Structure formats: C-alpha cells, structure tokens
Amino acid sequence: MKLLSGYELNLESVKADFKECSDFLIREVVICGVRAFFCAMDGLVNSLSLNELVIEPALKCSLEFGSNVELSDKLKKSVFGAIELSEAQTFEDAYFLLMSGFALLYVEGSSDFIAFGVQGWEKRSVEEPTNEAMVKGAKECFTETLNDNKAMLRKRLKTNKLKLKQIKLGTQALTPVALAYIQGRADEKNVEEVERRLKAARLQNVLDFGALGEYLQGERFSFFSGTGNTERPDVLASKLLEGRIGVMVEGTPFVIYLPYLFTDNFSSLDDYDNPPLYASFIRLLKYLSFAISLFLPALYVAIGTFHQEMFPTLLLYIVATSEATTPFPLVVEAIIIHILYEIMREAGLRLPKTIGHAVSIIGAIVIGEAMVSAGIISEPMLVVVALTAIASYVVYPLYESVAVLRFFFIAASGLWGIYGFTLSACVLLVNICSLSTQGVPYSVPLSPLTVSSLGDTVIRQSWKKLSKRKVNIQNLNGADNGEKH
C-alpha cells in the first residue's frame with residue numbers, strides 16, 4: 001500500500017501497524033518548521049550513529065525551501081551524514097527496511113519515507129568453519145548476516161564483474177536473498193531462471209537455505225541433491241569462477257550454489273594446497289571410500305547368504321562360526337545394526353555437548369560388547385558396519401544419500417544375492433547419469449566424458465597445467481548451451 005495523503009494519517013497508520021510492539025521506537029520532530037517523525041526498531045539500529053548522523057543534523061539544520069517536497073530533497077542531499085540512504089514509497093518497502101536495521105523519516109507532504117542505514121544489531125563474528133574444516137585452507141566462514149557474507153565474497157573476488165542481485169522472498173515475512181554470479185562466466189538465462197524459480201516458490205517465509213533447494217533443482221527423482229552448499233567464502237568464489245550461481249539467504253551461514261555435480265563431492269580446497277601426487281591419491285581414496293560406504297554391507301550380505309563359495313576358506317570358517325551363534329539371518333543383522341548406528345549418531349548430534357560423550361560410551365558397551373557377547377550380532381558384521389561408518393565420513397557431503405541408499409542395497413542383496421546387488425548398482429548409475437540441473441548433466445565430466453576436465457576430477461594435475469585451463473561449467477560436454485570439447 002502506498003503512503004497516505006496526510007501526515008496524521010501516515011503517523012496513525014504506522015502506530016497502528018506496530019501496536020503492542022515494545023521494540024518499536026517513534027519520535028515526532030519539527031524540521032525547519034515542518035512536522036516529521038522518525039521510527040526505528042530497538043536492537044536493530046546503532047543509536048549513537050542514528051543520533052549523530054541523522055537526528056541531530058536534521059534538528060539543527062536551517063534550510064530555505066519552497067515546498068515540503070523540496071525540503072525533503074535538500075535534507076537528503078545536504079544534511080544527513082549516513083552514506084547508505086534510500087527511499088520507500090510503500091508501507092511494505094518501508095517496513096522491510098525497518099526490519100533490516102534502517103531508520104525511517106517521514107516529512108509532512110512528501111510521498112515517501114527516507115531510510116538510513118544505521119544497522120547495529122548483535123551478530124556472530126567470523127569464525128573457523130565447522131563443517132568444512134581444511135588443514136591448510138583459510139579459517140573463516142560465512143555468518144548469519146547477509147551484508148557480512150556479501151562483503152567476504154567481495155573481498156575474495158575484487159572485480160566489478162561479480163554481481164550480487166538482491167531480491168525479497170516470503171508472502172508473510174520478507175527475507176532478503178542475494179544472487180551471486182560473475183558476469184560473462186555465468187549464463188544470463190540461467191541467472192534469470194534461478195530468480196524466476198525463487199520468486200515462484202511462494203513461501204510464507206524463508207528461515208533457512210534448505211527451503212529453497214527443492215525449488216532450484218526442479219522436478220527430479222533421486223537421492224542426490226542438485227544443489228550444493230558451502231559455508232566457506234573461498235569455496236563459493238571458486239564455484240562462481242566456474243560459471244555457477246550462488247544463492248545467499250539472510251539468517252543462515254550456508255550458501256547454495258548450482259549447478260552441482262556428482263564429482264564436487266570428492267574435491268576440497270586442500271587438494272590444491274597439497275602436491276599433485278598426494279592430492280590425486282586422496283581423491284582416489286575418496287572414491288574408494290564412497291564405494292565402501294555404499295556397497296560393502298550389501299556385498300557382504302549377498303556373498304554370505306547366497307554365494308559363500310566366494311569367501312576364502314579361512315574367512316568362510318570365521319563367518320560360518322559366528323553366524324551359527326546368532327538368531328538372525330545376515331540381511332536382518334545388517335539392517336538392525338545400521339538402524340542402531342543411525343539412532344546413536346542422531347542422538348549424538350542432538351544432545352548437548354556436555355553429555356554427548358555418553359552416547360559413544362553407551363554405543364561401545366551396547367553394540368561393541370553386549371550385543372556380540374549375547375550372540376545377537378556376529379563379530380564380522382560388526383567389523384563391516386564399523387568400516388562402513390568410517391568410510392562414509394570421508395565423503396561427508398554424500399552421507400545423507402548413502403545412509404538411505406545403503407538400506408535398499410542391503411534389502412536387494414538379501415533377497416536376490418549378487419544379482420540383486422548388481423541390478424541395484426546399475427539402477428543407481430543410470431539414475432545419476434539421467435539427472436541434470438540447469439541443463440548440465442549431474443555426472444559430467446565423467447558422463448558425457450570431457451577429457452580436458454579429467455585432470456581436475458579423478459586426479460589433480462599440477463598448477464602449471466591447471467592454470468592453462470579456462471573452466472566453465474556450461475562448456476562441458478552434454479550441457480545444453482555448451483561447446484563440445
């Protein structure tokens with residue numbers, strides 16, 4: 001709704017809208033003989049800056065003017081000291097700025113609010129990343145404040161080609177969201193498509209980045225996400241340089257980026273700080289860990305149930321002896337132990353840190369000793385689950401997907417043996433190769449194969465070779481707008 005025609009009407013409308021809001025501050029003043037009022041939200045503004053840069057200069061000024069509109073223009077140009085100054089012609093825009101830490105001024109006879117950027121709320125300082133720890137990388141991560149996050153990204157990418165387009169989402173409560181991309185690297189059509197999908201979401205409010213992921217990746221059936229997220233400014237900067245698009249949401253320290261590829265799960269910034277040979281070894285280790293975490297329990301169930309002849313003789317004796325003392329078949333054992341493991345893991349995540357260690361103690365006693373001693377779970381199965389759990393943490397971005405898929409593989413292997421295991425693996429590979437985000441296949445550059453990109457996918461080449469490559473995700477083979485290599 002646009003501003004009303006009279007001073008009293010606008011004043012009463014603002015007071016009515018913020019009735020019973022104890023943090024709402026309003027003050028009526030007279031500036032050069034004209035009535036006006038300031039308003040702000042307590043705790044969101046810096047009171048000292050507001051007084052020194054806005055209120056005090058306004059009350060002390062002496063201007064000549066022909067109309068109230070002219071007075072408002074002169075105040076903007078020659079009186080106020082705040083560098084961040086904007087206008088709001090509707091109550092909706094004014095209230096959005098008010099909730100964003102701006103102070104508002106309405107001068108009688110004008111057709112808009114004057115908004116001053118004097119933010120001063122409490123916020124978390126820049127800290128070391130907790131979910132993407134790096135041995136040799138930078139020790140800073142995004143915070144819950146959008147402006148601080150934009151500043152950290154701008155500090156990393158000192159170019160005017162970096163665009164930070166801000167929009168507002170939410171039908172009940174507006175939330176500022178910024179689209180980050182590098183002009184000339186990201187496809188403009190993809191940027192427009194991301195903005196269109198965000199605005200079409202029609203969410204009541206956006207409290208976290210997870211609410212936007214499903215809208216951005218489009219309609220797809222898969223256990224794998226089509227959008228990535230990071231809490232590190234350096235990681236986001238590297239993704240933007242590849243032609244990707246970032247989505248920064250006020251109130252969360254994680255930033256979404258897309259398109260997201262399957263191979264992104266196996267790389268980290270530490271790879272580029274280590275020698276090429278060691279970095280390549282670590283990447284191959286991650287691919288192996290992914291295979292172990294997803295396939296090992298199902299493969300053990302399939303062989304132990306239907307194809308015992310595939311075990312070496314000594315191992316077959318150990319497995320047979322252990323299974324003879326347990327009441328459940330292998331497939332039931334595997335499902336029970338994995339469910340218990342997920343329960344303990346979730347409990348450890350949600351418990352307060354002061355008592356979180358109790359979960360590991362109870363888990364070691366209940367699963368590691370009591371269940372084996374009681375003959376409920378066999379020792380080989382416990383070893384398989386432990387190795388699977390450790391391997392799943394090596395490729396942590398895929399943990400949620402692998403944790404669910406593992407049960408399907410175990411069930412298929414328990415019903416049909418190696419044939420069920422092989423069929424499940426084929427279905428998974430077909431699903432991965434069939435996915436795409438913004439016209440970029442999820443499985444590139446492995447399928448379709450882009451030979452020039454393999455030097456930074458499965459292995460990591462030296463910087464002398466990497467520096468000669470001009471990577472753009474839209475130019476990979478299989479991308480809708482890509483050029484073939």
Side-chain angles (χ1 to χ4, degrees), residues 132 153 157 161-165 177-201 209-249 254-269 395 397-398 400-401 429-450 452-454 456-458 469-485:
E132 298 177 79
L153 182 60
L157 297 172
K161 299 295 184 180
L162 173 61
K163 306 300 179 183
L164 297 167
K165 186 176 183 180
V177 174
L179 302 183
Y181 64 97
I182 296 181
Q183 190 177 45
R185 301 290 293 171
D187 192 313
E188 294 291 341
K189 293 182 179 179
N190 287 341
V191 177
E192 294 174 0
E193 177 65 15
V194 169
E195 183 177 357
R196 185 194 65 78
R197 289 188 178 184
L198 289 175
K199 291 181 177 179
F209 74 96
L212 302 177
E214 294 183 14
Y215 295 97
L216 291 173
Q217 65 186 10
E219 296 294 333
R220 53 190 278 155
F221 176 76
S222 177
F223 289 100
F224 300 99
S225 174
T227 61
N229 63 81
T230 181
E231 61 177 344
R232 299 183 63 96
D234 45 6
V235 171
L236 181 61
S238 67
K239 301 302 181 185
L240 297 185
L241 288 170
E242 294 176 354
R244 312 197 201 201
I245 303 167
V247 180
M248 313 172 78
V249 182
F254 289 90
V255 177
I256 301 173
Y257 64 88
L258 68 160
Y260 186 63
L261 306 182
F262 180 71
T263 54
D264 289 335
N265 297 293
F266 302 94
S267 62
S268 66
L269 282 181
V395 192
L398 287 173
E400 292 85 356
S401 302
L429 291 175
V430 169
N431 180 253
I432 291 176
C433 294
S434 67
L435 301 175
S436 65
T437 304
Q438 290 191 321
V440 180
Y442 183 59
S443 55
V444 295
L446 300 178
S447 175
L449 183 64
T450 304
S452 61
S453 295
L454 292 181
D456 194 24
T457 303
V458 180
R469 299 170 59 240
K470 296 182 179 179
V471 180
N472 191 310
I473 198 168
Q474 296 296 332
N475 292 338
L476 296 175
N477 288 340
D480 286 350
N481 299 322
E483 298 175 359
K484 303 302 180 185
H485 291 272

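A quick note: this is a predicted structure, and the numbers were derived from the prediction, not measured.
With contacts defined as side-chain heavy-atom distances shorter than 4.5 Å, the pair L164/M248 qualifies. Under the 4.5 Å side-chain criterion, counting only non-hydrogen atoms from C-beta, V458 is not in contact with F266. With a 4.5 Å cut-off on side-chain heavy atoms, V235 and V255 do not count as touching. At a threshold of 4.5 Å between non-hydrogen side-chain atoms, the residues V191 and K165 do not count as touching. Counting heavy atoms from C-beta outward, V444 and I473 have side chains that stay 4.5 Å or more apart.
The structure places CD1 of I182 at 13.0 Å from NZ of K239, a figure rounded to the nearest 0.5 Å. The distance from the CG atom of L258 to the CZ atom of R197 is 8.5 Å, given to the nearest 0.5 Å. Rounding to the nearest 0.5 Å gives a distance of 3.5 Å between CG of L398 and CG of N265. Taking OH of Y257 as the reference point, atom OG1 of T230 lies at 6.5 Å (rounded to 0.5 Å).
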So R232 and D234, salt bridge (charged side-chain N to carboxylate O under 4.0 Å, His left out) or not? Walk me through it. CA-CA 5 Å; R232 299 183 63 96; D234 45 6; 2.9 Å; yes

Determine, stepwise, if the pair Q438 / V194 fulfils side-chain contact (heavy atoms from CB on, under 4.5 Å). CA-CA 9 Å; Q438 290 191 321; V194 169; 2.9 Å; yes

Begin from the C-alpha positions of E193 and R196 and carry the test salt bridge (charged side-chain N to carboxylate O under 4.0 Å, His left out) through to its verdict. CA-CA 5 Å; E193 177 65 15; R196 185 194 65 78; 2.7 Å; yes

Give the intermediate values and the outcome of side-chain contact (heavy atoms from CB on, under 4.5 Å) for residues N190 and Q474. CA-CA 10 Å; N190 287 341; Q474 296 296 332; 2.7 Å; yes

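Remark: the backbone N or O of K163 is not paired with any side-chain donor or acceptor of Q183 at under 3.5 angstrom.
Between Y442 and F262, the ring-plane angle classifies as perpendicular under the 30° and 60° cut-offs.
Between the side chains of Y260 and N229, no donor-acceptor pair is found at a separation under 3.5 Å.
The shortest non-hydrogen separation linking V247 to L198 is CG1-CD1, 4.2 Å. Taking both residues in full, the closest heavy atoms of Q217 and T227 are given as OE1-N, 3.9 Å, listed atom of the first, atom of the second, then distance. In terms of heavy-atom proximity, C433 sits nearest to S447 at SG-OG, 3.9 Å. A186 and I245 make their closest contact through CB-CG1, 4.3 Å (heavy atoms, listed as atom of the first residue, atom of the second, distance). Shown here for P441 and L261, the closest heavy-atom pair between the two residues is O-CD2, 3.5 Å. Nearest heavy atom pair, residue L153 against residue A180, reads CD2-CB, 3.9 Å.
Checking N472, D264, T437 one by one against R244, the side-chain hydrogen bond (donor to acceptor under 3.5 Å, both in side chains) holds for a single residue, D264.
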